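Everything quoted here is computed from the prediction, not taken from an experiment.
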Amino acid sequence: MTQLRALRADITTLQTDAIVNAANETLLGGGGVDGAIHRAAGPELLAACRKLPELRPGVRCETGQARITPGFRLAARYVIHTVGPVWQGGGEAEAQLLASCYANAVTLAAEHAVRELAFPAISCGVYRFPKTEACRIAVETLRSLAQPALASVYLVAFDLEMFELWQAALEDSSR
Ligand code: AR6
């Protein structure tokens, strides 16, 4: 069974097989964790993202979907890019789309024999998803997926508030 753990860290420093990027649908970088991952991985990452096919002009990954690239200068072998929903009040299927991000990232990880995977708090920054609810959806989705080859999933927080929210969601789900 996959072990789920909260971790306070800069996700770009982790030595897991893969790290997840909270990207946007262009996959061409941005601010927040996306910017940090591109800076740490080097310009090869942007070049690899550019090579991913466009689904429509400017869109390489729909909200809720995921794509994989090498990690280049990162310690992680892969970056799994997923696009979280922008919070619009809850009536635009944001919860289902966020759950899809976690599920599709895990599916891609399993296809690439990833044993250790690290997620940032997708959509919890500039996309403004309510954080407590986002953590609950992430933990519930990850616990419901049976991927025996995936040994560990780290729920990564940059700041203390997010770390405590991840821990609370883990505690709630094991009650
Ligand atoms: N390590 C771990 N977590 C981090 C790091 C880091 N180095 N840096 C930030 N976080 P955000 P979103 C946390 O805004 O809401 C980008 O511009 C951060 O504290 O990065 O999904 C993309 O290109 C927060 O808890 O992602 C998109 O346009 C969490 O990561 C847009 O932002 C997510 O915050 C995506 O917005």
Side-chain angles (χ1 to χ4, degrees), residues 7-90 92-114 116-131 133-135 137-138 141-142 150 153-159 162 166:
L7 185 66
R8 190 165 173 209
D10 173 351
I11 203 167
T12 65
T13 65
L14 299 184
Q15 305 203 348
T16 48
D17 299 325
I19 64 171
V20 175
N21 183 15
N24 59 65
E25 54 184 24
T26 70
L27 297 188
L28 297 184
V33 71
D34 194 6
I37 288 173
H38 274 270
R39 277 193 300 278
E44 299 93 339
L45 181 61
L46 182 59
C49 287
R50 272 193 205 287
K51 282 191 196 142
L52 294 169
E54 280 184 320
L55 307 169
R56 48 201 164 84
V59 176
R60 289 183 177 76
C61 184
E62 301 281 6
T63 301
Q65 302 295 307
R67 297 288 184 271
I68 192 164
T69 64
F72 299 102
R73 301 180 195 182
L74 294 168
R77 195 148 32 102
Y78 299 109
V79 178
I80 296 176
H81 308 260
T82 188
V83 182
V86 177
W87 181 256
Q88 294 178 79
E92 301 294 326
E94 293 96 324
Q96 293 90 322
L97 288 165
L98 186 64
S100 298
C101 289
Y102 285 93
N104 286 320
V106 165
T107 301
L108 265 183
E111 286 170 6
H112 289 78
V114 166
E116 291 192 306
L117 178 62
F119 281 96
I122 300 163
S123 289
C124 289
V126 298
Y127 282 1
R128 304 182 318 273
F129 203 108
K131 293 175 194 170
E133 181 63 2
C135 292
I137 291 166
T141 305
L142 291 167
L150 185 60
V153 169
Y154 297 96
L155 302 167
V156 181
F158 206 37
D159 57 42
M162 202 69 236
W166 277 134

Heavy atoms only: give me the nearest Ala22-Ile122 pair and the separation to one decimal. CB-CA, 4.3 Å
For the student: nearest non-hydrogen atoms of Cys124 and Ala134, plus distance: SG-CB, 3.5 Å
Assign the ring pair Phe119 / Tyr102 to parallel, tilted or perpendicular, where the plane angle (0 to 90°) is split at 30° and 60°. tilted
Give the C-alpha distance, both sets of side-chain angles, the deciding distance and a yes or no for side chain to side chain contact (heavy atoms under 4.5 Å, CB included) between Leu14 and Leu7. CA-CA 10 Å; Leu14 299 184; Leu7 185 66; 3.9 Å; yes
Measure the spacing between CD of Glu92 and OG1 of Thr63 and express it to the nearest 0.5 Å. 11.5 Å
Looking at Val156, is its backbone amide N or carbonyl O close enough to the side chain of Trp166 to form a donor-acceptor pair, meaning the two atoms are under 3.5 Å apart? yes
Is any side-chain heavy atom of Pro53 closer than 4.5 Å to a side-chain heavy atom of Arg67? no
About how many Å separate OG1 of Thr141 and CG of Asn104, when rounded to the nearest 0.5 Å? 10.5 Å
Under 4.5 Å between any side-chain heavy atoms of Phe129 and Ile137, yes or no? yes
Measuring from atom CG of Asn21 to atom NE2 of His81, what distance do you get when rounded to the nearest 0.5 angstrom? 6.0 Å
Does any non-hydrogen side-chain atom of Phe158 lie less than 4.5 Å from one of Asp10? yes
Would you call Pro120 and Val20 a side-chain contact if the rule is heavy atoms closer than 4.5 Å? yes
Take Arg128 and Glu94, measure what side chain to side chain contact (heavy atoms under 4.5 Å, CB included) needs, and give me the verdict at the end. CA-CA 11 Å; Arg128 304 182 318 273; Glu94 293 96 324; over 6 Å; no
Got a salt bridge between Glu116 and Arg77, using NZ or NE/NH1/NH2 to carboxylate O under 4.0 Å? no
Working to the nearest 0.5 angstrom, can you tell me the gap between Leu28 CG and Leu45 CG? 10.0 Å
Determine, step by step, whether Cys49 and His38 satisfy the side chain to side chain contact (heavy atoms under 4.5 Å, CB included) criterion, reporting the C-alpha distance in whole Å, the side-chain angles of both residues, the deciding distance to 0.1 Å, and the verdict. CA-CA 10 Å; Cys49 287; His38 274 270; 4.1 Å; yes
Side-chain donor or acceptor of Thr82 paired with backbone N/O of Gln65 under 3.5 Å: yes
Indicate the atoms forming the closest heavy-atom contact of Ala66 with Cys61, along with that distance. N-SG, 3.7 Å
Without swapping roles, check the side chain of Arg60 against the backbone of Thr26 for a donor-acceptor pair under 3.5 Å. yes
Quick one: are Met162 and Cys135 in side-chain contact, heavy atoms under 4.5 Å? yes
Looking only at heavy atoms, what is the nearest atom pair of Leu74 and Ile37, with distance? CD1-CG2, 4.2 Å
Apply salt bridge (Lys or Arg N to Asp or Glu O under 4.0 Å) to residues Arg56 and Glu62 and explain how you reach the verdict. CA-CA 10 Å; Arg56 48 201 164 84; Glu62 301 281 6; 2.7 Å; yes
Short question: side chain of Asn24, backbone of Gly29 - any donor-acceptor pair under 3.5 Å? yes
All heavy atoms of Ala105 vs all of Ile80, minimum pair found to be O-CD1, 3.7 Å
Which distance, rounded to the nearest 0.5 Å, do you find between the OG1 of Thr16 and the CG of Leu117? 7.0 Å
Return the CZ to OG1 distance between Arg39 and Thr12, rounded to the nearest 0.5 Å. 8.5 Å
If I compare all heavy atoms of Ala41 with all of Gly71, which pair ends up nearest, and what's the gap? CB-O, 3.6 Å
Counting only heavy atoms not in Gln15, do more than 12 sit closer than 6.0 Å to its CD atom? no
